[in-house]
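Note that the structure is a prediction, hence the values are computed from the model and not measured.
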Amino acid sequence: MNLAEKINVVRASVMGANDGIISVAGIVLGVFAATQGRTNDNWVIFVAGFSGTIAGMISMAAGEYVSVHGQRDAENAAIEKEEIANQESFNQQISLVKDFLIKDDISKELAQRAASEMMKTKPIETAVRVKHGFNISDKINPYHAALASFISFPIGATLPMLAILMVNRSYKVASTYFGVLLALIITGYLAALIGNNDRKKGITRNVLSGLFTMTATYLIGRLLHK
């Protein structure tokens with residue numbers, strides 16, 4: 001498994017867990033708000049949360065598979081395109097690579113020699129990297145991403161399920177909010193770290209989306225409460 005593949009698996013795992021936390025937290029809070037006062041509300045919450053977890057596992061895995069497979073299809077199409085271009089206009093391809101190197105502040109003479117050598121030894125790899133921005137060797141397996149998401153989603157979903165089921169009725173909402181927000185801080189930080197984005201912004205966006213989801217579903221549950 002190459003570095004790009006490992007990063008993609010970690011990304012799918014973090015996002016799967018994050019979605020499991022947020023979506024199932026929304027489900028259980030909404031159901032709790034709608035069933036308060038019933039003697040079997042814990043069972044109803046569990047069934048709803050468990051059903052949401054199963055649906056989320058399948059949905060996330062399918063989404064990752066389709067997304068990564070679509071990316072691979074686009075990359076394969078780009079490779080085929082460059083194979084044809086190299087056959088039909090090899091000198092023009094060398095010129096494009098040279099221009100790319102010149103943009104990186106390499107002298108024209110050195111860029112010409114480097115472009116000629118690179119296209120001579122690895123023509124497809126060079127053309128694809130320069131014109132499309134990816135390395136042929138960095139192949140990403142859609143099954144790995146799908147499996148990672150399939151496994152991590154229920155792990156994330158377990159937290160809000162436990163937070164709302166394991167405490168007294170009076171503390172269910174507070175317990176769920178506290179546990180979920182703490183988890184979202186961690187997953188938001190990890191997601192920003194993987195994407196090399198601003199950590200504070202990543203955490204803030206993640207926490208706000210979780211707060212909005214939980215609050216919206218809880219309020220809807222209250223409206224439906226009888």
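- Taking hydrophobic clusters as Ile, Leu, Val, Met, Phe, Trp and Tyr residues chained together by side-chain heavy-atom distances below 4.5 Å, Ile102 does not share a cluster with Phe100.
- With a 4.5 Å cut-off on side-chain heavy atoms, Phe134 and Ile79 count as touching.
- Between Asn8 and His144 there is no side-chain heavy-atom pair separated by less than 4.5 Å.
- When side chains are defined from C-beta on, Arg169 counts as touching Phe32, because their heavy atoms get closer than 4.5 Å.
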Distance-only check: which donor-acceptor pairs under 3.5 Å involve side-chain atoms of residues 180-193, not counting sequence neighbours?
| unit_1 | atom_1 | unit_2 | atom_2 | d |
| --- | --- | --- | --- | --- |
| Thr187 | OG1 | Asn18 | OD1 | 2.6 |
| Thr187 | OG1 | Ala183 | O | 3.2 |
| Thr187 | OG1 | Leu184 | O | 3.3 |
| Thr187 | OG1 | Asn206 | ND2 | 3.0 |

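- Evaluation of the salt bridge (Lys or Arg N to Asp or Glu O under 4.0 Å) rule for Glu75 yields no partner, not counting sequence neighbours.
- Clustering ILVMFWY residues whenever any of their side-chain heavy atoms sit less than 4.5 angstrom apart, transitively, puts Phe178 in a cluster other than the one holding Val24.
- Around CD of Glu83, the count of heavy atoms belonging to other residues, nucleotides or ligands within 6.0 Å exceeds 12.
- A single hydrophobic cluster is not seen to contain both Ile21 and Met15; linkage of ILVMFWY side chains at heavy-atom distances under 4.5 Å, directly or through other members, places them apart.
- Looking at every heavy atom in both residues, Ala111 comes nearest to Ile106 through N-CG2, 3.7 Å.
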Could you pull out all donor-acceptor pairs under 3.5 Å where a side-chain atom in residues 210-219 meets a protein atom, sequence neighbours excluded?
| unit_1 | atom_1 | unit_2 | atom_2 | d |
| --- | --- | --- | --- | --- |
| Thr213 | OG1 | Ser209 | O | 2.9 |
| Thr215 | OG1 | Tyr177 | OH | 2.7 |
| Thr215 | OG1 | Leu211 | O | 2.8 |
| Thr217 | OG1 | Gly26 | O | 2.9 |
| Thr217 | OG1 | Thr213 | O | 2.8 |
| Thr217 | OG1 | Met214 | O | 3.1 |

Candidate pair Arg205 and Asp198, rule side-chain contact (heavy atoms from CB on, under 4.5 Å), full reasoning: CA-CA 11 Å; Arg205 284 194 296 264; Asp198 184 271; over 6 Å; no
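- Follow the hydrophobic side-chain contacts under 4.5 Å out from Ile22 and you reach Val173 in the same cluster.
- Contact record, Val130 with Leu96: CG1-O, 4.3 Å, taken as the closest heavy-atom pair.
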Name every donor-acceptor pair, under 3.5 Å, that has one atom in a side chain of residues 52-64 and the other anywhere in the protein, sequence neighbours excluded.
| unit_1 | atom_1 | unit_2 | atom_2 | d |
| --- | --- | --- | --- | --- |
| Thr53 | OG1 | Gly49 | O | 2.8 |
| Glu64 | OE1 | Arg11 | NH2 | 2.8 |
| Glu64 | OE2 | Arg11 | NH1 | 3.3 |

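- Leu110 and Ile94 fall within the same hydrophobic cluster, where Ile, Leu, Val, Met, Phe, Trp and Tyr residues are linked whenever their side-chain heavy atoms come under 4.5 Å apart, directly or through other members.
- Clustering of Ile, Leu, Val, Met, Phe, Trp and Tyr by side-chain heavy atoms under 4.5 Å joins Leu162 with Met166.
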Under 3.5 Å, side-chain donor or acceptor atoms of residues 146-160 against the rest of the protein: list the pairs with distances, not counting sequence neighbours.
| unit_1 | atom_1 | unit_2 | atom_2 | d |
| --- | --- | --- | --- | --- |
| Ser152 | OG | Ser13 | O | 2.9 |
| Ser152 | OG | Ala17 | N | 3.4 |
| Ser152 | OG | Ala148 | O | 3.0 |
| Ser152 | OG | Ser149 | O | 3.4 |
| Thr158 | OG1 | Pro154 | O | 2.7 |

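- The closest side-chain heavy-atom distance from Ser95 to Asn91 is not below 4.5 Å.
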For residues 113-128, which side-chain donor-acceptor pairs fall under 3.5 Å, sequence neighbours excluded?
| unit_1 | atom_1 | unit_2 | atom_2 | d |
| --- | --- | --- | --- | --- |
| Ser116 | OG | Gln112 | O | 2.9 |
| Ser116 | OG | Gln112 | NE2 | 3.3 |
| Thr121 | OG1 | Glu117 | O | 3.0 |
| Thr121 | OG1 | Met118 | O | 3.4 |
| Thr126 | OG1 | Met118 | O | 3.4 |
| Thr126 | OG1 | Lys122 | O | 2.7 |

Run the numbers on His132 and Glu82 for side-chain contact (heavy atoms from CB on, under 4.5 Å), then give the verdict. CA-CA 10 Å; His132 302 278; Glu82 295 313 314; 2.8 Å; yes
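- Through direct or relayed side-chain contacts under 4.5 Å between Ile, Leu, Val, Met, Phe, Trp and Tyr, Val167 connects to Tyr171.
- Every residue meeting the ring-ring contact (aromatic ring centres under 6.0 Å, His included) condition with Phe46, not counting sequence neighbours, appears here in chain and number order: Trp43, Phe50.
- Residues satisfying the side-chain hydrogen bond (donor to acceptor under 3.5 Å, both in side chains) test with Asn86, not counting sequence neighbours, are Gln93.
- How far CD1 of Ile45 is from NZ of Lys172: 5.5 Å, rounded to the nearest 0.5 Å.
- For Tyr65, the ring-ring contact (aromatic ring centres under 6.0 Å, His included) partners two or more places apart in sequence, or in a different chain, are His69, Tyr143.
- For Lys201, the side-chain hydrogen bond (donor to acceptor under 3.5 Å, both in side chains) test picks out no residue, with sequence neighbours left out.
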